[in-house]
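As a basis for the values below, the full set of heavy atoms in this structure was taken, side chains included, without hydrogen atoms, waters or symmetry mates.
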Amino acid sequence: MESKAADLLQYAQEYASKDVDLYDLLGIDALTPKEDIHRAWRKRSLKYHPDKAGDNFDAEKWQLFERARDVLTDPDSRAAYDNAIKAVLLRRQEREAMDQQRKHFVDDLEARENAWKRQKEEQEQKEKDAIEKERSRLQDEQRMREAEEKRQADAAQELEDLVEAKRRLKEKKERKKQDEAREKFLRKSKKAASAAAAVDGKSLPKEPLHGVIAVPGDYEVDLGTERRKYWELVCDKLRAVQAVRNLSKQEEMPDGQTEVLQNLQEAKLRMHQAEVQYAEESRNTKEVGFEQ
């Protein structure tokens with residue numbers, strides 16, 4: 001009998017330490033009397049009875065029901081179980097209180113950390129905003145500087161175009177003077193050639209075929225770097241004239257316009273040199289003939 005009581009006390013301590021609620025297992029509370037405990041045990045453990053469960057019989061579960069009945073129907077073991085449960089509950093409450101304090105401490109720590117993080121994020125955002133503002137300011141200054149440089153470049157280009165226009169106007173005026181001087185010289189040359197021909201008893205044609213003065217086609221002209229016949233110079237001029245005509249038929253003036261016009265001008269100049277040279281030689285020849 002003492003052995004059984006000791007076993008019940010041991011079971012009471014064991015189940016209390018493991019937080020096994022024997023009252024809940026049997027569907028009763030701490031104020032339920034002994035006789036009601038037996039009835040509750042029969043009702044709750046019926047389905048776990050070996051004859052009822054059959055192949056699904058759970059020996060450990062059946063043993064737990066029997067020990068719960070024995071512990072709670074024995075006054076000493078029941079008191080021991082209640083005291084142990086109270087101690088467990090007290091320790092649980094203490095742990096919960098400690099956990100609550102710890103949780104409060106953790107929450108406070110997290111709140112401080114979150115506040116610090118928010119402060120840091122706000123500071124970082126302010127720095128980012130300041131950097132972005134400075135970048136925007138620098139970009140505005142860069143755009144203003146580029147606009148000013150473009151304005152100055154446009155002004156310089158406009159000034160350069162104006163200078164170029166003045167230079168071209170000056171060249172045009174000078175070219176006009178040169179042409180007038182050349183025409184004047186050609187008139188004098190033509191007059192000299194006419195006088196030389198009149199002395200020889202011949203008259204020049206009123207309108208030379210290709211130049212100002214009628215020059216024989218096989219007349220050789222000394223151009224300084226080479227000697228060429230007059231008919232070759234005439235052919236050069238005709239080719240240059242045809243090139244200018246072809247150029248004028250095009251809708252857009254090509255880049256070679258200046259070169260084509262320059263070739264025509266050079267061809268005319270060579271013919272003029274040949275005519276002047278021929279006229280001078282003819283006059284000199286006639287003067288020598290008169291002296292003889």
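- Counting heavy atoms from C-beta outward, L25 and R44 have side chains that stay 4.5 Å or more apart.
- M271 and L238 fall within the same hydrophobic cluster, where Ile, Leu, Val, Met, Phe, Trp and Tyr residues are linked whenever their side-chain heavy atoms come under 4.5 Å apart, directly or through other members.
- Comment: E180 does not engage K177 in a salt bridge, judged by the lack of any side-chain N to carboxylate O separation of less than 4.0 angstrom.
- Using a 3.5 Å distance cut-off with no hydrogens or angles, the side chains of N246 and Q242 do pair a donor with an acceptor.
- No hydrogens or angles considered: a donor-acceptor pair under 3.5 Å links the side chains of Q142 and R145.
- By the 6.0 Å contact criterion, CD on E60 is open, its count of non-hydrogen atoms from other residues, nucleotides or ligands being 12 or less.
- A salt bridge does not link K150 with E146: none of the charged nitrogens is closer than 4.0 Å to a carboxylate oxygen.
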Exercise for review: Take R137 and K133 through the test side-chain contact (heavy atoms from CB on, under 4.5 Å) and record every step on the way to the result.
Suggested key: CA-CA 6 Å; R137 186 186 65 81; K133 184 177 180 180; 5.8 Å; no
Practice item. Take L261 and V244 through the test side-chain contact (heavy atoms from CB on, under 4.5 Å) and record every step on the way to the result. Key: CA-CA 7 Å; L261 296 175; V244 172; 4.0 Å; yes
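- A salt bridge does not link E94 with R91: every distance from a Lys NZ or Arg NE/NH1/NH2 to an Asp or Glu carboxylate oxygen is 4.0 Å or more.
- Using a cut-off of 4.0 Å between Lys/Arg side-chain N and Asp/Glu carboxylate O, E132 and R135 are scored as salt-bridged.
- With respect to the salt-bridge test (charged N to carboxylate O, under 4.0 angstrom), the residues D82 and K86 do not qualify.
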Exercise for review: Could you please spell out the steps behind the side-chain contact (heavy atoms from CB on, under 4.5 Å) verdict for L64 and Y48?
Suggested key: CA-CA 10 Å; L64 178 60; Y48 297 104; over 6 Å; no
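- For T73 against K34, the heavy-atom pair with the smallest separation is O-CE, 3.5 Å.
- Ionic pairing of R239 and D236 is present here: one or more N-O contacts between side-chain nitrogen and carboxylate oxygen are shorter than 4.0 angstrom.
- Here W41 contributes atom CH2 and I28 contributes atom CD1; the two are 13.0 Å apart, rounded to the nearest 0.5 Å.
- Counting non-hydrogen atoms of neighbouring residues, nucleotides and ligands closer than 6.0 angstrom, the CZ atom of R112 reaches no more than 12 such neighbours.
- Counting only N and O atoms by type, the side chains of E275 and Y230 include a donor and acceptor under 3.5 Å apart.
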Exercise for review: Mind running side-chain hydrogen bond (donor to acceptor under 3.5 Å, both in side chains) on N114 and E110 for me, showing each step along the way?
Suggested key: CA-CA 6 Å; N114 292 333; E110 290 181 352; 5.5 Å; no
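- Shown here are the ring pair (Phe, Tyr, Trp, His ring centres under 6.0 Å) partners of Y15, two or more places apart in sequence or in another chain: there are none.
- Using a 3.5 Å distance cut-off with no hydrogens or angles, the side chains of Q273 and Q277 do not pair a donor with an acceptor.
- No more than 12 heavy atoms of other residues, nucleotides or ligands shown are found within 6.0 angstrom of CD on E158.
- Sparse packing is recorded around CD of Q119, with 12 or fewer heavy atoms of other residues, nucleotides or ligands lying under 6.0 Å away.
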Review point. Passes side-chain contact (heavy atoms from CB on, under 4.5 Å), R78 versus D74? Steps please.
Key: CA-CA 6 Å; R78 183 174 180 176; D74 181 75; 5.9 Å; no
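- Separating the NZ atom in K120 from the NZ atom in K117 is a distance of 9.5 Å, to the nearest 0.5 Å.
- A salt bridge between K128 and E124 is absent, with no side-chain N of the basic residue lying under 4.0 Å from a carboxylate O of the acidic one.
- In summary, the side chains of E281 and Y219 do present a donor paired with an acceptor at a separation below 3.5 Å, with no hydrogens or angles considered.
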Review point. Passes salt bridge (Lys or Arg N to Asp or Glu O under 4.0 Å), E121 versus R118? Steps please.
Key: CA-CA 5 Å; E121 290 174 356; R118 284 194 300 271; over 6 Å; no
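- Although no hydrogens or angles enter the test, the distance criterion places a donor-acceptor pair under 3.5 Å between the side chain of S77 and the main chain of V71.
- Ring-plane geometry between Y23 and Y81 is classed as tilted, the angle between the planes lying from 30 to 60 degrees on a 0 to 90 degree scale.
- Ion pair E232/K229 not flagged as a salt bridge, since none of the NZ, NE, NH1 or NH2 atoms sits closer than 4.0 Å to an Asp/Glu carboxylate oxygen.
- Inspection of the D129 and Q125 side chains reveals an N or O donor paired with an N or O acceptor under 3.5 Å.
- Taking CG of D21 as the reference point, atom CG of L26 lies at 9.5 Å (rounded to 0.5 Å).
- For the pair P216 and Y278, the minimum side-chain heavy-atom distance is below 4.5 Å.
- Taken to the nearest 0.5 Å, the CZ atom of R270 stands 6.5 Å off from the CG atom of L233.
- At a threshold of 4.5 Å between non-hydrogen side-chain atoms, the residues D108 and F105 do not count as touching.
- Taking both residues in full, the closest heavy atoms of L9 and D76 are given as CD2-O, 3.8 Å, listed atom of the first, atom of the second, then distance.
- Rounded to the nearest 0.5 Å, atoms OH (Y11) and NZ (K4) are 10.0 Å apart.
- Within a 6.0 Å sphere centred on CZ of R143, other residues, nucleotides and ligands contribute more than 12 heavy atoms.
- Here the side chains of R228 and V221 are not in contact, with every heavy-atom distance at 4.5 Å or above.
- Applying side chain to side chain contact (heavy atoms under 4.5 Å, CB included) to R168 and the options E164, K166, K170, K172 leaves one that passes, E164.
- Here the shortest heavy-atom pairing between T32 and D29 reads OG1-OD1, 2.9 Å.
- The cluster map of Ile, Leu, Val, Met, Phe, Trp and Tyr, joined by side-chain heavy atoms under 4.5 Å apart, puts V241 and V260 in the same cluster.
- Taking the side chain as every heavy atom from C-beta outward, P50 and W62 approach each other to under 4.5 Å.
- In this structure, CZ in R167 is found 10.5 Å from CD in E160, a value given to the nearest 0.5 Å.
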